[in-house]
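Please read the structure below before turning to the comments.
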Amino acid sequence: MQPDNYWMATKTSDGHAVVTCIIAAMDWRGLHIFIALARAGSLVRAGRLLGIDPTTVSRNIRALEDALGCTLFELTRDGQILTSAGRRLLVSAETMERAAASFQDESAGEGAGSGLVRVSVAEGFGTWFVAPRIAQFAHAFPNITVDLVANNGFLNPSRKEADIAILLARPRKGPLKTRKLADYALGLYAAKGVADPESSLPLVSYIPDFIYAPELNYLDEIGSTRAPTLRSSSISAQAQMIAAGAGFGVLPCFMGDQDGRLQRIRHEMAFQRTFWLAVHQDVSTQPRVRRFLDWLVEIAEANRALFDG
């Protein structure tokens, strides 16, 4: 008699194992970790996505390979790469993942939506715009869990690291659905009450080595010949430096105009960037994802003046 959880594998003529079917109740945790590693490409990134350490990821993958009797990943200079057996398993695993998500949505009631939505956003947008308004969404959809990943850099929706990503440039490839969310203005700010800040204060900006998107490299656009001497990878930290009177610098207007400690300087100096929405086509129609997308578009439209500065 077979155990409750087991896999059936066969071998091709060249000796490679191929998963042909999955029998009975399966270890979803192991499969979930397998999917995360396939998308992330490294034990560290997969662990970060799952909230576990890389050793746990590795241990679960080894157990899965032992159960299957085949190798699912090869370690290369580019990271963990799927073998042919791994690629075949990923097709079946993602089908099961989509089916589970669809069932989860339907079980919460018609059109209600439930489950997890992982949203990748730029730090400033996530902290200063989305987070202060998220209570509205949480009250309307209490069965939806939102992971708001607001930091430097973006998770990749093409690899399903996130369900939704709000990016600074429109993706040109990948199985994604994209649309413009909003244009936003940037301006030059200093602490209120500081006279002639451009002469009396240092320039605040990003650390060049940690600029994760070319759209954030805008020093040439402000026409300053001075090099920044107060630098941070965090736009929120830059805003705090400026508000404390430590320097002056560029901020998105949806940040600078909301902070009563700041004043806009050189009003004629303004330029624009764009936020783009990207969602993997496999999850774009799932109710929980649609609910968040519709809500995000709605609040962006309602706050257009804030983005325009």
Side-chain angles (χ1 to χ4, degrees), residues 113 117-141 144 146-155 157 162-172 176-190 192 206 212-218 221-222 234-236 238-240 242-243 248-279 284-285 287-309:
V117 177
R118 177 163 289 168
V119 186
S120 176
V121 296
E123 179 204 6
F125 181 73
T127 302
W128 291 77
F129 185 77
V130 178
R133 296 166 176 82
I134 198 72
Q136 175 191 351
F137 182 85
H139 293 157
F141 303 103
I144 298 178
V146 178
D147 282 356
L148 186 65
V149 185
N151 54 19
N152 296 329
F154 298 100
L155 300 181
D163 297 306
I164 300 168
I166 294 90
L167 307 169
L168 297 175
R170 185 173 192 171
R172 298 298 180 186
L176 302 173
K177 293 184 177 180
T178 63
R179 60 160 289 177
K180 180 190 285 190
L181 178 62
D183 294 323
Y184 69 97
L186 299 101
L188 207 58
Y189 291 85
K192 272 189 176 176
Y206 282 100
Y212 59 89
E215 291 78 14
L216 300 177
N217 190 7
Y218 37 61
E221 294 176 69
I222 68 174
S234 164
I235 190 65
S236 295
Q238 293 176 44
Q240 292 297 331
I242 295 168
F248 72 98
V250 174
L251 294 173
C253 293
F254 65 80
M255 291 176 57
D257 290 351
Q258 292 188 89
D259 193 330
R261 300 171 299 170
L262 297 173
Q263 63 176 334
R264 183 89 171 267
I265 59 176
R266 268 212 281 160
H267 284 266
E268 77 283 357
M269 195 290 299
F271 51 98
Q272 182 178 286
R273 294 293 188 268
T274 301
F275 286 127
W276 293 91
L277 270 174
V279 57
S284 62
T285 59
R288 68 187 190 280
V289 175
R290 289 302 323 167
R291 298 296 175 271
F292 195 90
L293 284 171
D294 291 345
W295 173 77
L296 192 59
V297 170
E298 180 182 337
I299 63 169
E301 289 289 338
N303 290 274
R304 186 171 296 278
L306 184 62
F307 288 118
D308 291 342

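Note that the coordinates shown come from a computational prediction; the quantities given were computed from them, not determined experimentally.
With values rounded to the nearest 0.5 angstrom, Leu277 atom CG is found 12.0 Å from Lys180 atom NZ. Between the CG atom in Leu181 and the CD1 atom in Ile164 there is a gap of 10.5 Å [rounded to 0.5 Å]. Taking CZ from Arg266 and CD1 from Ile222, the interatomic distance works out to 6.5 Å, rounded to the nearest 0.5 Å. In this structure, the separation between CD on Glu298 and CG on Leu293 is 12.5 Å, given to the nearest 0.5 Å. Separating the CZ atom in Arg273 from the CZ atom in Phe307 is a distance of 15.5 Å, to the nearest 0.5 Å. Atom-to-atom distance recorded for Asp259:CG and Gln240:CD is 7.0 Å, nearest 0.5 angstrom.
The shortest side-chain heavy-atom distance between Met255 and Tyr189 does not fall under the 4.5 Å cut-off. The shortest distance between side-chain heavy atoms of Asp147 and Val119 does not fall below 4.5 Å. Taking the side chain as every heavy atom from C-beta outward, Gln136 and Ile299 approach each other to under 4.5 Å. You'll find the side chain of Leu296 reaches within 4.5 Å of the side chain of Ile166, heavy atoms only. Taking the side chain as every heavy atom from C-beta outward, Asn303 and Arg133 approach each other to under 4.5 Å.
Under 4.0 Å is where a charged nitrogen must lie from a carboxylate oxygen, and between Arg290 and Asp294 at least one such pair does.
The two residues Ile242 and Ala190 come nearest to each other via the heavy atoms CG2-CA, 3.7 Å. Between Gly126 and Val121 the shortest heavy-atom distance is CA-CG2, 3.5 Å. Listed here is the closest heavy atom pair of Ala169 and Trp276: C-CD1, 3.6 Å. Cys253 and Gly187 get closest at one heavy-atom pair: SG-N, 3.9 Å. Contact detail for Asp308 and Asp183: the closest heavy-atom pair is OD1-O, 4.5 Å. The shortest heavy-atom contact between Asp163 and Val117 is OD2-CA, 3.4 Å.
Listed by chain and residue number, Arg264 satisfy the side-chain contact (heavy atoms from CB on, under 4.5 Å) test with Ala270 (two or more places apart in sequence, or in another chain). Residues passing the ring-ring contact (aromatic ring centres under 6.0 Å, His included) test with Tyr184, sequence neighbours excluded: Phe254, Phe275. Evaluation of the ring-ring contact (aromatic ring centres under 6.0 Å, His included) rule for Phe292 yields Phe137, Trp295 as partners, not counting sequence neighbours. Every residue was checked against the salt bridge (charged side-chain N to carboxylate O under 4.0 Å, His left out) condition with Arg179, not counting sequence neighbours, and none meets it. Not a single side-chain hydrogen bond (donor to acceptor under 3.5 Å, both in side chains) links Gln272 to another residue, sequence neighbours left out. The side-chain hydrogen bond (donor to acceptor under 3.5 Å, both in side chains) search around Glu215 returns none, not counting sequence neighbours.
Within the 3.5 Å criterion, the main-chain N or O of Leu251 finds no donor-acceptor partner in the side chain of Gln238. Of the possible polar contacts, none joining the Arg291 side chain to the Ile144 backbone as a donor-acceptor pair under 3.5 Å is found.
Side-chain atoms of Asn217 and Tyr206 include no donor-acceptor pair closer than 3.5 Å.
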